[in-house]
Amino acid sequence: MVSSAIVNTYPLSSYTFGTKEHKMEKDTSVADRLARMKVNYMKEGVRTSVEGILLVQEHNHPHILLLQIGNTFCKLPGGRLKPGENEIEGLKRKLSSKLAANPPANQPNWKIGECVATWWRPNFETIMYPYCPPHITKPKECKKLYLVHLSEREYFAVPKNLKLLAVPLFELYDNVQRYGPVISTIPQQLSRLQFNMIHQ
C-alpha cells in the first residue's frame, strides 16, 4: 500500500485506451440490485465493496476516471469483495476485471494508496452515509474508496458496453444530482492532498 500526501498526476494523453468484450451488469435495475444484495446478505452477512479513485490531469487540473453505464449512470471502478478477501488484493482484482487487457501479462501495475472514505448502507436501500448511524447494529454494506496511484503510462481496456470518462474535480464537487453523494464528495476527501502535475 502506498501512503503519501503528494499525488503525482500524469496527463490523460499519456495513457492508452482500448476495448474488450462486454462486461454485463448483474442487475438490470436498482430494485434487482437491492434484491440480490438481500439474498447475498442472508448467505454472507455484510457486503464489503472497494472502489478505486484513479487520477489523471487535463488543463492542469485533476480529473477522476469514471465508468459510465448507459447515458447517465457513472461509477468508480471496483466492486464487491469475496468473503474473507483482503481489501487491497480484492481491489486490484476488481480493477483488472474492469480495466485491464485480457492477457494477464498486460496487467497495469496497480499501486493502491490509502483509504480516503468509508460509506455505510444501513438498509436495503440506495441511501448511503459516510458514517454508520448509531441505531444501526447490522449495516448491509460497507464501501471503501481507495486512492490508486497510476504509473506514468498504462494501457486500459474498457468493456465495449461502458465508457471511461475523465471528469474534473470541479464538475464532481457538490454535484449530487448527477453523480450521487459518494462520488460528488471525492473533491473534499482529496482536498488535503497535494497534486504534483507532471507535464510531458
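Any value given below was found using the heavy atoms of this structure, including those in side chains, with hydrogens, waters and symmetry copies removed.
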So, for [X] and [Y], which heavy atoms are closest and what is the spacing to 0.1 Å?
{"X": "Ile198", "Y": "Gln57", "answer": "O-NE2, 2.9 Å"}
{"X": "Ala166", "Y": "His63", "answer": "O-CD2, 3.5 Å"}
{"X": "Leu95", "Y": "Pro77", "answer": "CD2-CB, 3.8 Å"}
{"X": "Pro187", "Y": "Leu169", "answer": "CG-O, 3.6 Å"}
{"X": "Tyr131", "Y": "Trp120", "answer": "C-CD1, 3.3 Å"}

Determine, for Arg192 against Glu114, whether the closest basic-nitrogen to carboxylate-oxygen distance falls under 4.0 angstrom.
yes

Salt bridge present between Arg80 and Glu85 (N-O < 4.0 angstrom)
no

One pair to check against side chain to side chain contact (heavy atoms under 4.5 Å, CB included): Tyr179 and Cys74. What are the steps and the verdict?
CA-CA 7 Å; Tyr179 296 103; Cys74 290; 4.2 Å; yes

Side chain to side chain contact (heavy atoms under 4.5 Å, CB included) between Asn8 and Phe195, worked out:
CA-CA 6 Å; Asn8 290 335; Phe195 297 108; over 6 Å; no

Does the side chain of [Y] come within less than 4.5 Å of [X]'s, by heavy atoms?
{"X": "Met197", "Y": "Pro62", "result": "yes"}
{"X": "Arg121", "Y": "Ile127", "result": "no"}
{"X": "Ser151", "Y": "Lys111", "result": "yes"}
{"X": "Trp110", "Y": "Val148", "result": "yes"}
{"X": "Pro139", "Y": "Cys132", "result": "yes"}

What's the separation between atom [atom1] in [X] and atom [atom2] in [Y], rounded to the nearest 0.5 Å?
{"X": "Arg178", "Y": "Thr72", "atom1": "CZ", "atom2": "OG1", "answer": "7.0 Å"}
{"X": "Met42", "Y": "Asn40", "atom1": "CE", "atom2": "CG", "answer": "10.5 Å"}
{"X": "Ile112", "Y": "Lys92", "atom1": "CD1", "atom2": "NZ", "answer": "6.0 Å"}
{"X": "His149", "Y": "Ile6", "atom1": "NE2", "atom2": "CD1", "answer": "11.0 Å"}
{"X": "Lys38", "Y": "Phe124", "atom1": "NZ", "atom2": "CZ", "answer": "6.0 Å"}
{"X": "Thr9", "Y": "Ile64", "atom1": "OG1", "atom2": "CD1", "answer": "11.5 Å"}

Single-linkage hydrophobic cluster [X]~[Y], side-chain heavy atoms < 4.5 angstrom:
{"X": "Leu164", "Y": "Leu12", "value": "yes"}
{"X": "Leu162", "Y": "Phe17", "value": "yes"}
{"X": "Val176", "Y": "Leu165", "value": "no"}
{"X": "Ile88", "Y": "Leu150", "value": "yes"}
{"X": "Tyr173", "Y": "Leu147", "value": "no"}

Before you tell me yes or no, could you show the steps for Val7 and Asn196 under side chain to side chain contact (heavy atoms under 4.5 Å, CB included), namely the whole-Å CA-CA distance, both residues' side-chain angles and the distance that decides it to 0.1 Å?
CA-CA 6 Å; Val7 179; Asn196 183 23; over 6 Å; no

Would you please test Glu51 and Lys144 for salt bridge (Lys or Arg N to Asp or Glu O under 4.0 Å) and show each step?
CA-CA 6 Å; Glu51 295 179 344; Lys144 294 187 178 183; over 6 Å; no

With no hydrogens and no angle check, just 3.5 Å: does a side-chain donor-acceptor pair link Glu141 and Ser49?
yes

Tell me yes or no: between the side chains of Tyr146 and Glu87, is some donor less than 3.5 Å from an acceptor?
yes

Taking the side chain from [X] and the backbone from [Y], do they hold a donor-acceptor pair closer than 3.5 Å?
{"X": "Lys138", "Y": "Ile136", "result": "no"}
{"X": "Ser184", "Y": "Gly180", "result": "yes"}
{"X": "Glu58", "Y": "Pro11", "result": "no"}
{"X": "Lys20", "Y": "Lys160", "result": "no"}
{"X": "Gln68", "Y": "Asn71", "result": "yes"}

With sequence neighbours left out, write down each residue that passes side-chain contact (heavy atoms from CB on, under 4.5 Å) with Gln189, or none if nothing qualifies.
Val116, Ala117, Trp119, Leu145, Thr185, Ile186

Between Leu99, Leu54, Ile53, Val158, which is the residue that forms a side chain to side chain contact (heavy atoms under 4.5 Å, CB included) with Leu65?
Leu54

I would like to know whether Tyr15 and Tyr155 meet ring-ring contact (aromatic ring centres under 6.0 Å, His included); could you show each step before the answer?
CA-CA 6 Å; Tyr15 299 101; Tyr155 173 79; over 10 Å; no

Side chain to side chain contact (heavy atoms under 4.5 Å, CB included), that's the test. Do Lys98 and Arg93 meet it? Break it down for me.
CA-CA 9 Å; Lys98 297 280 194 305; Arg93 175 178 65 81; over 6 Å; no

Using a cut-off of 6.0 Å, state whether more than 12 heavy atoms not belonging to His59 lie near its atom NE2.
no

